[in-house]
Amino acid sequence: MLKFSRGIDQDRAATAGGLQQIAFARGAAAAAQPSRLPTLVATAATVAVLYFARDVFLPLAIAILLTFALAPLVSRLRRVGCPRSVAVIGTVTTAFLFLSAFGVVIAMQVSEVAQNLPTYQYNIVEKVRTLKETGSESQIFERIGRVIERISTEISQPEPEMRASPEPAPEAKPLLVEIFSPQRPVETLKNIINPLLGPLATTGLVIVVVIFMLFEREELRDRFIRLVGYGDLHRTTEALQDAGARVGRYLLMQLVVNITYGIPLAIGLSLLGIPNAVLWGMLAIVLRFVPYIGPVIAAALPLFLAFAAAPGWSLLVWTAALFIVLELLSNNVVEPWLYGSRTGLSPLAIIVAAIFWAWLWGPVGLVLSTPLTVCLVVLGRHVPQFEFLEILLGNEPVLDPKERLYQRLLAGDPDEATDNAEDMLEEKYLVEFYDTVAIPALLLAERDRARGALTNAQAAQIAQSANTLIANLEEIAGEEEGEEETGAEAQESDGDDDADEYDLPPGDGKSVLCVGGRSDLDDVTASMLAQTLWIQGADAAHAGHEVLKAGNIKALKLEGRNAVVLSVLDRDFMRHAKFTVRRLKRMAPAARVGIVLWQEDGRPGTTERDQLIESLQADFMVFGMGDAVREALSDELPRSLKLAHPKIAPGYAMRRSKRADRESTVKAD
């Protein structure tokens, strides 16, 4: 009995030791999350300062963005061998001369359009009259006008009054007299110059700041690192490089996209006969820097001119067709080729940013909204205190695929979960999706269940949604079964680690039963494993955890099975796994009985796994989908089942009879 109890204690100790190796690491109590109140207060204070001091910060923002745009040109000239002063001053001078010439041409074109507007008055009046006559034929405008006239007459009609005396004569109203005095030449010159002082001063300030920033770019970078991120040079340097690269690339690519839009637009409008076609092409180049709103404004002005310039309607139709064709080509061909989604901003974030910066800094803020928001996203990506900016404004998914799938299963939405799975299955095989996304999602559910955050009803809902997902993926499983050989050849040709991990053996002629361990979630994993084995060509079936109960296990049909696999998410099941494995091995001596303890990380090494296999007397124990399929389809012979009780030691019967004699003597006394 002592040897038997010692043997049981040793088995329990080995099992407990193995479970200790595969248990998830549990630290002390989680530290309290830091309050976000200081960050929100600092953000609100920053917005207030930017709003009330916009006359100071707006030129600085323009100068910083121009510095980002011109810095690559200066660096390229420096690499060629050009001195720093020549490279900086030459680049800035060329850029501002180009911008000045651009502005002069636009001003001249605008003045010409203003002079020609009276000549378009006749065409506009004629088209309005035509529309009115078209409406009068159906008597729509006439009836509406008659009703409005009748209502206004009734409202304005005064009530009759009884006059006892004749009406007095109206009082004489005073006449308004305007005194005109000619302005002096000095006052006239002052009225002309004063409106120009602000823009000229801002332009001069921007030029000076850009020159000094380009001269001291490295010095400013070092000072910023020392001030903000001296404790983490790697992260701060990466943030600066990321911000500079993103903003500079955005401005350059957006300029190229706008030019490839504006030049064909000017040529097309000129061929159609639209006056001042150069102006509309140049305005399109500028206005398309404003997201979503700019292209609409750039198209509205030429369309109005086409409406006013010609007496007929054909010019308006051809102009609208030109804009539609150019927009389709720019959005679907040019932008994906040159620009794509390299800003890292979501479409909604671009719209919200445009509204915010337009409110903060007016039309100039609207033009600068996208590059400024890119800087904020980079700040949130590299500075933990501003991580919420990347979450709110970035275009990267904020949830991992497993977390997203778990959220959809928890919400009872298997349809969206299927859509997301089908998107991922365009690049992955089903076995990889189950192993890297679906099983980890169920592990999240199991962890929530173990800590009491998930009720039994919610766990049942997750299991039901997951079973619906598996059923929806049945068609994809059938397609993969048909292309199994082709997929295996493709994986062998790739030669990467993932291909080796999911290079699975064929299952022709093999029969495998997958059984859930102890919960509905385990039953789902057994179904996933069975579907994967079926793709490999095996005769795979699955059963729920209820069949492992004492009254139901004898009803299992294990004849002809090559393997029986217990699928488990809950590691506490391992305390009872030894008795279940022994019972299954007695019922199917020719079948290999193993356990899949699903784990995403923290998997034990070979030594700990061998100790577990030895203590449980299982044929195999694995922790992932690929290894589970390989072991289930393996040609190895099952291990022989050891005796549950050790042999009785010699002399045990003699010691037992002597002890019985002593007990009988004591009773007699």
Side-chain angles (χ1 to χ4, degrees), residues 24 391 396-480 502 514-535 540-546 565-573 596-603 623-626 628-629:
F24 293 97
I391 296 175
E396 297 294 333
V398 295
L399 294 179
D400 291 337
K402 61 180 181 181
E403 296 172 342
R404 190 176 182 184
L405 178 60
Y406 174 42
Q407 193 272 335
R408 288 294 86 201
L409 296 179
L410 184 60
D413 188 1
D415 294 333
E416 184 176 348
T418 303
D419 294 338
N420 296 333
E422 289 176 350
D423 292 339
M424 286 183 280
L425 288 173
E426 293 180 358
E427 300 178 357
K428 297 181 178 181
Y429 282 101
L430 192 61
V431 57
E432 185 179 358
F433 169 74
Y434 281 156
D435 195 32
T436 59
V437 179
I439 299 296
L442 296 176
L443 282 171
L444 293 176
E446 177 59 31
R447 293 174 192 173
D448 288 345
R449 187 203 61 79
R451 64 187 180 90
L454 194 69
T455 63
N456 294 331
Q458 290 175 326
Q461 175 66 46
I462 292 174
Q464 182 180 358
S465 300
N467 286 323
T468 305
L469 171 65
I470 297 173
N472 293 338
L473 297 179
E474 192 73 29
E475 183 178 355
I476 296 179
E479 294 175 357
E480 290 190 7
Y502 298 108
C514 304
V515 185
R518 60 183 303 177
S519 67
D520 294 336
L521 298 178
D522 294 339
D523 298 345
V524 175
T525 60
S527 299
M528 293 179 180
L529 178 58
Q531 191 177 70
T532 306
L533 292 168
W534 176 73
I535 293 175
H542 66 276
H545 65 283
E546 296 290 339
V565 184
L566 295 175
S567 184
V568 182
L569 289 168
D570 184 9
R571 55 184 178 273
D572 292 338
F573 172 79
V596 185
L597 181 59
W598 302 104
Q599 286 193 345
E600 188 179 6
D601 50 12
R603 299 179 180 181
F623 309 96
M625 182 67 75
V629 174

Contacts of S567 that satisfy side chain to side chain donor-acceptor pair (under 3.5 Å) - sequence neighbours left out: T525, W598

Results of side chain to side chain donor-acceptor pair (under 3.5 Å) for T468 - residues two or more places apart only: none

For L405 against A441, the heavy-atom pair lying closest together: CD2-CB, 4.0 Å

Residues that E546 engages under salt bridge (Lys or Arg N to Asp or Glu O under 4.0 Å), provided they are two or more places apart: K549

D435 side, atom CG; T532 side, atom OG1 - distance, nearest 0.5 Å: 9.0 Å

Sequence neighbours excluded, every pair satisfying salt bridge (Lys or Arg N to Asp or Glu O under 4.0 Å) that has a member inside residues 401-414: K402-E600, R408-D413, R408-E416

Separation between CD1 of I462 and CG of D520, rounded to the nearest 0.5 Å: 10.5 Å

Considering all heavy atoms, the nearest S465-G412 contact: OG-CA, 3.5 Å

Exercise: identify the closest heavy-atom pair between A466 and V524: CB-CG1, 3.5 Å

Distance-only side-chain donor-acceptor flag, H545 / D523, under 3.5 Å: yes

Set of side-chain contact (heavy atoms from CB on, under 4.5 Å) partners for E475, sequence neighbours left out: E479

Nearest atoms (heavy-atom pairs only) where C514 meets A526: CB-O, 3.6 Å

Audit row: Q531, L430, side-chain contact (heavy atoms from CB on, under 4.5 Å) steps and yes/no: CA-CA 9 Å; Q531 191 177 70; L430 192 61; 3.3 Å; yes

Partner set under side chain to side chain donor-acceptor pair (under 3.5 Å) for T436, not counting sequence neighbours: none

Heavy-atom donor-acceptor pair, E446 side chain to L521 backbone, under 3.5 Å: no

side-chain hydrogen bond (donor to acceptor under 3.5 Å, both in side chains) partners of residues 417-428, not counting sequence neighbours, each pair once: T418-N472

Atom pair CG/CE of N467 and M528 - distance to nearest 0.5 Å: 8.0 Å

Residue list, side-chain contact (heavy atoms from CB on, under 4.5 Å) with D448, at least two apart or on another chain: Y406, R451, A453, L454

Atom pair CD1 (I439) and CG (L444), whose distance is rounded to the nearest 0.5 Å: 11.5 Å

Atom pair CG (L442) and CZ (R449), whose distance is rounded to the nearest 0.5 Å: 12.5 Å

Set of residues satisfying side-chain contact (heavy atoms from CB on, under 4.5 Å) with respect to A421, sequence neighbours excluded: F433, L469, L473

Atom pair CE (M625) and CG (L533), whose distance is rounded to the nearest 0.5 Å: 8.0 Å

